[in-house]
Amino acid sequence: MLDPRTVRTEPDAVRASQTARGADPTVVDRYLDLDRSRREAIAAFEELRARQKQLGRRIGPAQGALKRADAADRDQLQREVDALLSEAAGLADEVKAAEARSAALQSELDEVALDLDNLVDPAAPVGGEEDFTVITEVGEARDFAAEGFEPRDHLELGSRLRAIDVERGAKVSGSRFFYLTGDGALLELALLNLAMSLATRNGLTPVIPPALVNPAAMAATGFLGQAAENVYHLQDDDMYLVGTAEVPLAGYHADEILPAEDLPLHYVGFSPCFRREAGSHGKDTRGIIRVHQFDKVEMFTYCDPADAVAEHDRLLSWEREFLDQLEIPYRVIDVATGDLGASAARKFDIEAWIPTQGRYREVTSTSNCTTFQSRRLNTRFRAADGTVAPVATLNGTLVAMPRVIVALLENHQDANGDVRVPAALQPFLGGREWLRAPQ
RNA sequence: GGAGGCGUCGCAUAGUCUGGUCUAGUGCGCCCGCCUGCUAAGCGGGUUGAGGUCUCAAAGCCUCUCGAGGGUUCAAAUCCCUCCGCCUCCGCCA
């Protein structure tokens with residue numbers, strides 16, 4: 001949700017931002033029209049309501065006087081009370097009508113406001129999905145030809161190691177489900193522990209949140225908008241399965257005013273993630289690149305909006321630190337305006353090199369949502385001078401398990417199909433240097 | 001799943017039975033000022049959030065806000081309904 005004052009005072013900037021995203025800029029004008037009508041309706045209602053209150057305050061005393069009155073005064077007072085009551089009754093109807101009109105315009109405005117995406121950061125590259133800019137490339141893709149063997153893909157490696165089982169996943173749950181077994185299961189736990197130790201060393205607070213949330217939490221994070229078709233909904237209980245820990249971490253401080261001295265707040269949540277993957281039939285059908293359920297470690301920051309850009313860089317640096325430790329080649333891209341998602345002003349993706357695909361694939365993503373998300377969540381902070389204002393929120397992936405496992409297996413395989421364990425991960429795998437197929 | 005109790009402006013509490021004098025009182029905490037070698041005490045004032053209006057801005061004025069949403073009424077913290085949360089007891093259960 002944008003600040004209404006921004007739309008009012010800088011409509012051109014909002015239009016330009018919408019255009020950069022490939023979204024509709026004329027929403028701004030519909031918004032401004034409705035906003036004007038709404039404010040007129042509020043003024044009309046409040047004026048009537050004030051009159052009603054003034055009138056109402058005279059009724060009690062008048063009735064009291066009537067009760068105590070002598071017979072002589074009674075008729076006169078009775079007439080006065082009756083007059084007051086009938087005037088108040090008429091006014092009550094007007095108030096009710098004016099209030100209804102004002103409420104109707106408010107909800108219309110709220111509806112239109114949903115079509116206004118966050119203002120893009122001027123630093124973000126303008127364009128569509130393909131117009132990202134590459135910020136940096138780290139590490140080098142192995143030359144398997146020079147090493148004299150053809151790399152196996154993650155599913156082949158995972159099956160050989162008895163680490164990944166998609167057949168039984170499909171048997172029990174359907175396509176896009178999988179089991180991690182043996183070293184596969186241990187590998188996820190090792191990645192989790194490495195991530196958590198890195199996060200706590202950097203001062204983040206670990207959180208294990210609920211993965212099932214109510215409609216308010218889901219809506220406030222914006223996932224019931226265009227992403228709604230990818231969200232699992234439990235009809236009987238009207239609950240949603242989260243697609244990321246961002247949802248419960250964002251909802252954590254909803255409707256709160258945080259003391260400025262507590263900021264920035266850094267959380268790191270570990271949760272299962274559920275995604276329906278509607279509309280991606282036929283895409284990434286092999287292996288565990290795209291699945292309906294996986295586990296993820298997600299960072300979430302609440303901060304003073306003035307610090308948001310610096311905090312965004314911190315999240316990115318923590319993501320990079322993690323991949324550096326896994327010795328996986330990757331590149332960092334600055335996502336283009338057309339591919340940001342409604343909440344983000346700017347987004348950096350880290351893409352790991354996947355040898356058997358011969359290209360980079362997204363493994364983590366970090367977004368600066370500025371105050372867009374917090375306005376809907378109603379999460380604010382009290383500055384030193386006592387003023388209250390929306391906080392900025394940012395999120396970033398530390399580990400999305402399946403994709404990191406894919407990158408790890410493929411990049412660290414040897415000619416036999418065994419997989420080298422990077423040094424940083426060894427302490428979390430009982431000191432083992434290799435994952436080898438069981439006999 | 002069943003029965004009962006509770007939810008008030010940071011915290012604690014009054015008000016709800018019996019609707020209007022609640023423009024929500026009081027204590028504590030916090031902030032400002034006075035007083036004072038300093039500190040404490042004492043004295044005075046302030047202290048929810050949102051929206052609207054006015055304004056360069058502020059002050060001011062108005063409306064809403066007593067867990068949430070509806071209803072009754074000229075008028076709701078107060079009466080009625082639904083929902084949410086917490087507590088106690090019973091049942092079931094990892």
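Chain letters run A, B, ... following the sequence lines, proteins first and then strands; every chain starts at 1. All figures in this text were calculated on a predicted structure; none of them were measured in a lab.
Atom C1' of B:rC84 sits at a distance of 35 Å from the matching atom of B:rC31, rounded to the whole Å. When the C1' atom is used for both B:rG91 and B:rC83, the distance is 25 Å, rounded to whole Å. B:rU16 and B:rC6 are spaced 13 Å apart, taking the C1' atom of each and rounding to whole Å. B:rC80 sits 27 Å from B:rG25 when the C1' atoms are compared, rounded to a whole Å. Rounded to a whole angstrom, the distance from the C1' atom of B:rU26 to that of B:rU47 is 15 Å. Spacing of C1' atoms, B:rA75 relative to B:rC22, comes out at 13 Å, to the nearest Å. On the C1' atoms, B:rG45 is 26 Å away from B:rA57, given to the nearest whole Å. When the P atom is compared between B:rC43 and B:rC28, the two are found 10 Å apart, to the nearest whole Å.
In summary, the side chains of A:Lys296 and A:Thr244 do present a donor paired with an acceptor at a separation below 3.5 Å, with no hydrogens or angles considered.
Distance A:Lys96 NZ to B:rU73 P: 7 Å, rounded to the nearest Å. Look at CZ on A:Arg5: it is 12 Å from P on B:rU53, rounded to the nearest Å. Across the protein-nucleic acid pair, A:Leu85 atom CG and B:rG20 atom P stand 16 Å apart, rounded to whole Å. A:Leu48 has its CG atom 13 Å from the P atom of B:rA75, to the nearest Å. Distance, A:Asn378 CG to B:rA68 C1': 14 Å, rounded to whole Å. If you measure from atom CD1 of A:Ile257 to atom C1' of B:rC9, you get 12 Å, rounded to the nearest angstrom. Computed from coordinates, the A:Gln52 CD to B:rU73 P distance equals 13 Å when rounded to whole Å. Spacing between atom CG of A:Asp93 and atom C1' of B:rA75 amounts to 14 Å, rounded to whole angstrom units.
The backbone N or O of A:His253 sits less than 3.5 Å from a side-chain atom of A:Thr379, completing a donor-acceptor pair. Although no hydrogens or angles enter the test, the distance criterion places a donor-acceptor pair under 3.5 Å between the side chain of A:Arg21 and the main chain of A:Asn118. Panel note: side chain A:Gln18, backbone A:Ala23; no donor-acceptor pair is recorded below 3.5 Å.
Atom OH of A:Tyr232 sits in a crowded spot, with more than 12 heavy atoms from other residues, nucleotides or ligands closer than 6.0 Å.
No contact: A:Arg36 has no heavy atom under 4.0 Å from any strand.
The pairing partner recorded for B:rC30 is B:rG46, the criterion being a Watson-Crick or G-U wobble arrangement whose two distances lie under 3.5 angstrom. Across all strands shown, nothing is found opposite B:rC56 as a Watson-Crick or G-U wobble partner with both distances under 3.5 Å. Of all nucleotides present, none satisfies the Watson-Crick or G-U wobble test against B:rC38 with each distance under 3.5 Å. Pairing partner, B:rG7: B:rC84, with both Watson-Crick or wobble hydrogen-bond distances short of 3.5 Å. Base pairing annotation: B:rU23 forms no Watson-Crick or G-U wobble pair, as no partner gives both donor-acceptor distances under 3.5 Å. In this structure B:rU73 sits in no base pair that meets the Watson-Crick or G-U test at under 3.5 Å.
Distance CG/A:Leu265 to CD/A:Glu311: 10.0 Å, rounded to 0.5 Å. Annotation: the span from A:Asp3 atom CG to A:Thr9 atom OG1 amounts to 8.0 Å, rounded to 0.5 Å.
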Checklist entry - Tell me, for nucleotides 58-65 of chain B in 5' to 3' order, what letter each nucleotide earns: B for a base near a protein heavy atom under 4.0 Å, S for only sugar-phosphate near one, - for neither? => result ----BBS-

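Looking at the side chain of A:Arg382, the nearest of the listed nucleotides B:rG52, B:rG49, B:rC74 is B:rG49. The listed nucleotides are B:rC74, B:rG49, B:rG52; the one nearest the side chain of A:Arg39 is B:rG52.
Residues passing the salt bridge (Lys or Arg N to Asp or Glu O under 4.0 Å) test with A:Arg101, sequence neighbours excluded: none.
In summary, A:Lys96 and A:Glu99 do not engage in a salt bridge, as defined by a charged side-chain N under 4.0 Å from a carboxylate O.
Both A:Glu40 and A:Gly56 sit near RNA chain B, but only A:Gly56 has its closest nucleotide nearer the 5' end. Along RNA chain B, the nucleotide nearest A:Ala88 and the nucleotide nearest A:Ile42 are compared for position; the residue whose nucleotide lies closer to the 5' end is A:Ile42.
Residue A:Arg38 places no side-chain N or O under 4.0 Å from the OP1 or OP2 atom of B:rG51.
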